[in-house]
Amino acid sequence: MARLRLAALSRLVTRLTHPTGRRHRTTGPGGTGRPRWKHRAGRAPASPALAPRRTPWLRALGLIAVALAGAWLGLLTVGTVHVPVGPVNTTMALRPSLGGGTEITVSPLGALRLDSHTAPVRLDVDVDQLDPERAQDLVNHPERISGLQHQVVHDVEHAALDVALRSCAAVLLGATTLGLAVYRRPRRALAAGGLALALLGASGATAYATWNPKSVLEPRYSGLLSSAPSLVGNARSIVTEFDAYQQELARLVTNVTKLYETTSTLPVYRPDPTTIRVLHVSDIHLNPASWKIIDSLVQQYQVDVIVDSGDTMDHGTAAENSFLDPIEDLGVPYVWVRGNHDSATTQRYLERMKNVHVLDDGRAETVAGLRFAGIGDPQFTPDRSVAPGGDAAERLAGDRLATALRAQRSAGTPVDVAVVHEPAAARETDGTVPLVLCGHLHHEDTEILPFGTRLRVEGSTGGSGLRAVEQERPAPVEASILYFDRDNRRLQAWDEIELGGLGEATAEVSRHLPEENRPGASPAPTSSSPSPR
């Protein structure tokens, strides 16, 4: 013991006498024995207290950052669950959020947001599509509608459990994987995964503690659904009058199913390749099913160009603009004029689409071999602050278009087809163009004007839109296929296509010929095919 104390004292004296020395390890005499330390003057020995060390709180913040980033990546990659809820297929997922809540997206109608909970996670629900088999089962057995509420609740409960389990696995896997990539040590990686799982558990507990079941009574709508309260009543009335609501739900499911069924069974027509085929649509009025109908007609009739004579919208608000996005996917040029339910905002949105040709102020364009000219409706009736000008305003707009048509003819570029929205404006073009197309009346009609111009009025391709449910017998869905000779660009024939309105399961296609092409017989239906029930 005395020897050890003596050695320690000797080392202390050495350090005191060589405060700036640097020790070098050497061996004892002869290269053997215990190592001895030799100091070199000029450098201070490294002190353990002065060695660089990461502070604990920085290490903790780094671990939290890795855990959060990994959890977020895990939720994005493997945290999504595809589950059926009632007659629709949905996609559910948890997403990081400062405010929490639930967001339900119903494409292409918009979204609604519920303040269902307050937590750093949000539940996203995307309604993907209507399942035809489950919907058809409800159509065939309407009595099952009464149990639909309980089925939906049951499906949502199971979906929520599935989302919770999948999210736990996702955050654990994501944080552990990222932790392993950052730290290269399994223990640290597992610590990151465990921390992420604990944070998700704490978020779930917070959501459970702040759960507000009454949030469904006060949703916030966006997109087309922003008009939902005025159309179907608020959620409180649905809760208090559920019997009436479930009847409307049954009818909605039935109508949507039959409409999809009808559009898939249209008769196939194989046109002469020498003709130009034009699909005339009008007055869609925000009916999302119209795009499926139009796409079906484009494919089956090999359409070259679509002409829309207006009232594609209902209120012309910016929130409705996303409804127009499917136009870009139709695969053919789209000629459009503004209706009295379409705003300048609507027109500007369409002008940015590559395949859309917006006609206004008599402007003429050659599309798919035909020369079109048109003018937008001078009235915007949804805006109650603007007093409508009535037929006088329409006739004035039609006169402006007629002047532009005469100028085109004088310049040697005559117009083949004029397009307006209202028949009152269309009549002013008589004698300046062979054919003028319009809509507005929600029923089809054909007329030869006094100076030889053919006036074609299209029905509502949207089945009058939301107004279809206001009548005892819903308006039919109507469109036309016009056939033009490619050489002289004159109308050779047209097919009037009529689909039974909501709740109806019929499709009728009738062929019509202009008087000069008619062999003395009146037009007669060429095909009539009811949809299978």
Side-chain angles (χ1 to χ4, degrees), residues 46-85 90-105 111-128 153-216 219-220:
S47 172
L50 298 178
R53 266 192 327 181
R54 294 181 61 186
T55 56
W57 64 272
L58 284 178
R59 296 177 61 187
L61 286 178
L63 183 63
I64 292 174
V66 169
L68 290 176
W72 181 67
L73 291 175
L75 288 175
L76 287 180
T77 52
V78 296
T80 301
V81 177
H82 302 279
V83 291
V85 177
T90 67
T91 301
M92 297 187 182
L94 290 180
R95 293 289 182 258
S97 171
L98 296 177
T102 300
E103 185 164 316
I104 304 173
T105 303
L112 60 93
R113 183 175 177 81
L114 309 176
D115 293 328
S116 56
H117 61 276
T118 302
V121 289
R122 183 185 72 240
L123 176 62
D124 285 355
V125 182
D126 292 336
V127 179
D128 298 326
V153 172
H154 178 267
D155 291 343
V156 170
E157 288 178 349
H158 277 264
L161 179 61
D162 196 2
V163 168
L165 295 177
R166 177 70 67 91
S167 298
C168 289
V171 300
L172 180 61
L173 178 63
T176 302
T177 303
L178 185 61
L180 193 61
V182 172
Y183 294 113
R184 309 284 183 177
R185 287 186 291 174
R187 290 184 61 183
R188 298 285 288 176
L190 289 175
L195 178 59
L197 191 60
L199 292 174
L200 179 64
S203 300
T206 304
Y208 180 80
T210 59
W211 182 255
N212 177 23
K214 295 183 179 180
S215 61
V216 71
R220 294 196 300 274

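In this text, all values refer to a predicted model and were calculated from it rather than measured experimentally. Position 1 is the first residue of the sequence; numbering continues from there.
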request  = For side-chain contact (heavy atoms from CB on, under 4.5 Å), just list the numbers for R95 and L123, CA-CA rounded to whole Å, side-chain angles, deciding distance to a tenth of an Å, and then say yes or no.
outcome  = CA-CA 6 Å; R95 293 289 182 258; L123 176 62; over 6 Å; no

Which atom pairs, donor and acceptor, lie under 3.5 Å between side-chain atoms of residues 201-208 and protein residues at least two apart or in another chain?
| unit_1 | atom_1 | unit_2 | atom_2 | d |
| --- | --- | --- | --- | --- |
| S203 | OG | L199 | O | 2.9 |
| T206 | OG1 | A202 | O | 2.8 |

Please table the atom pairs, donor to acceptor, closer than 3.5 Å between any side-chain atom in residues 64-76 and protein atoms at least two apart or in another chain.
none

Listed pairs under 3.5 Å, donor-acceptor, residues 159-181 side chains, sequence neighbours left out:
| unit_1 | atom_1 | unit_2 | atom_2 | d |
| --- | --- | --- | --- | --- |
| R166 | NH1 | V78 | O | 3.4 |
| R166 | NH1 | T80 | O | 3.1 |
| S167 | OG | V163 | O | 2.7 |
| T176 | OG1 | L172 | O | 2.7 |
| T177 | OG1 | L173 | O | 2.7 |

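For the pair V81 and T91, the minimum side-chain heavy-atom distance is 4.5 Å or more. Considering only heavy atoms from C-beta on, T90 stays 4.5 Å or farther from D126 through its side chain.
The line from OG1 of T102 to CG of L94 is 9.5 Å long, rounded to the nearest 0.5 Å. Expressed to the nearest 0.5 Å, how far CZ of R185 lies from CG of L190 amounts to 12.0 Å.
With hydrogens and angles ignored, the 3.5 Å screen pairs no side-chain donor or acceptor of S97 with any backbone N or O of R122.
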